[in-house]
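The figures here come from the full heavy-atom set of this structure, side chains too, leaving out hydrogens, waters and symmetry mates. Each ligand, and each atom within it, is numbered from 1 in the order the structure gives. When a residue number appears, it is its place in the shown sequence, counting from 1. None of the values given here were measured: they were computed from a predicted structure.
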Amino acid sequence: MNAHFISEIYLDDIESRGYTIIHNAITKSLIASLMLDCYRINPEFSIAGIGRKNDLQVNKNIRKDKTYWFDGSSQAQLDYLALMAEMRVVLNRNFFLGLFDYECHYAKYLTGDFYKKHYDAFKGRSNRVFTTVLYLNTPQAGGELVIYKPKTKQVEVCIKPQAGTLVMFESERFMHEVLPAGDERYSIAGWFRMNASISGVIDPPR
Ligand code: OGA
Ligand code: MN
């Protein structure tokens with residue numbers, strides 16, 4: 001397994017416009033293993049934002065998905081993390097970044113679940129640099145990821161989730177949202193982070 005999917009074309013996309021969409025980024029067999037992993041841990045998915053009690057009510061209006069943070073408890077998770085570790089090296093080499101770490105969770109959207117417009121990071125308030133979203137299944141309808149042009153309300157791109165598609169974008173630059181899912185929608189949302197010594201500040205709801 002290697003990060004063959006991150007070719008020059010995608011690096012050029014990231015450089016010129018801050019995001020890229022890579023179809024069939026991950027082998028079908030790894031996608032299948034990650035999906036099975038989701039079914040295995042299914043009862044343990046929890047409401048996003050749980051544990052931060054004061055935010056919970058707010059979060060329920062913003063997002064309805066359930067998440068499960070990677071804990072390295074399956075070979076599938078380890079394989080995916082290994083790919084992202086390779087990706088991190090490629091990004092650091094090409095963009096002279098000091099990305100030091102990657103965190104991710106599975107996300108499950110049931111029919112009607114959504115995630116309203118948000119940023120994954122705010123300038124000086126988070127150390128998330130790049131967002132990644134990998135789709136694990138292909139819903140029949142809905143659940144599109146809409147990415148907005150920086151500083152406008154205009155749509156930059158609307159992405160139909162498809163098993164194996166990997167989307168990457170600059171976390172601080174793009175407001176985005178997930179439209180209500182038409183049926184079950186499984187994905188992995190992740191963030192490459194940079195050490196920015198911002199103590200005591202938490203990331204936006206996740
Ligand atoms: C997120 C997110 C997008 C998607 O989890 O922060 O924006 O398409 N996910 O699932
Ligand atoms: Mn997001």
Judged by modelled atom types alone, do Asn42 and Tyr68 share a side-chain donor-acceptor pair under 3.5 Å?
->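 The answer is no; no qualifying pair exists.
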Tell me which part of Arg128 gets within contact of ligand 1: side chain, backbone, both or neither, using heavy atoms under 4.0 Å.
->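 Under 4.0 Å from ligand 1, Arg128 contributes no heavy atoms.
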Location of contacts on Thr131 toward ligand 1, heavy atoms closer than 4.0 Å |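 Within the 4.0 Å criterion, Thr131 makes no contact with ligand 1.
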Check Arg173, His176, Glu170, Glu156 against Tyr19 for a side chain to side chain donor-acceptor pair (under 3.5 Å) and give me the one that passes.
->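 When side chain to side chain donor-acceptor pair (under 3.5 Å) is applied between Tyr19 and each of Arg173, His176, Glu170, Glu156, only Glu156 qualifies.
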Honestly curious: do Met175 and Val155 fall in one hydrophobic cluster under the side-chain, below-4.5 Å linking rule?
->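 As far as the 4.5 Å side-chain criterion goes, Val155 and Met175 are connected within one cluster.
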Joint hydrophobic cluster, Val129 plus Val90, side-chain heavy atoms closer than 4.5 Å =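 In one cluster with Val129: Val90, yes.
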[X]: numbered ligand 1 atoms lying under 4.0 Å from its heavy atoms:
X: Val178; result: 3 (C), 4 (C), 8 (O), 10 (O)
X: Tyr135; result: 4 (C), 8 (O)
X: Leu145; result: 3 (C), 8 (O)
X: Asp120; result: 6 (O)
X: Val133; result: 3 (C), 4 (C), 8 (O), 10 (O)
X: Trp191; result: 6 (O)

Tell me whether the centres of the aromatic rings in Tyr115 and Tyr109 are closer together than 6.0 Å.
->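 No, they do not, as the ring centres are separated by 6.0 Å or more.
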So is there a nitrogen or oxygen of Tyr115 less than 3.5 Å from a nitrogen or oxygen in ligand 1?
->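 In this structure, Tyr115 places no N or O atom under 3.5 Å from an N or O of ligand 1.
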Do any nitrogen or oxygen atoms of His105 lie less than 3.5 angstrom from nitrogen or oxygen atoms of ligand 1?
->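 Between His105 and ligand 1 (N or O atoms, distance only) the closest approach is not under 3.5 Å.
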How far is atom 10 (O) of ligand 1 from its nearest protein heavy atom, and which residue and atom name does that atom have?
->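 Protein heavy atom with the smallest distance to atom 10 (O) of ligand 1: Arg185 NH1, 2.9 Å.
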Could a heavy atom of His118 be found less than 4.0 Å from some atom of ligand 1?
->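 Checking ligand 1 against His118, which is what was asked, there is a heavy-atom contact under 4.0 Å.
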Kindly report the NE2-the Mn ion (ligand 2)-NE2 angle for His118 and His176 respectively, rounded to 10°.
->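 Answer comes to 90°, rounded to 10°.
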Over-ring placement of [X] relative to [Y], 6.0 Å and 45° cut-offs:
X: Lys108; Y: Tyr186; result: no
X: Lys116; Y: Phe114; result: yes
X: Lys117; Y: Tyr148; result: yes

How are the rings of Phe192 and Tyr102 set to each other: parallel, tilted or perpendicular (split at 30° and 60°)?
->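 Tilted.
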Counting heavy atoms only, which of Ala121, Ala189, Ser187 comes nearest to atom 5 (O) of ligand 1?
->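 Among Ala121, Ala189, Ser187, the closest heavy atom to atom 5 (O) of ligand 1 comes from Ala189.
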Can any side-chain N or O of Asp113 pair as donor or acceptor with the backbone N or O of Arg63 at less than 3.5 Å?
->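 It does not hold such a pair.
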State the atom name: nearest N, O or S atom of Asp120 to the Mn ion (ligand 2).
->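 The Mn ion (ligand 2) is closest to the Asp120 atom OD1, counting only N, O or S.
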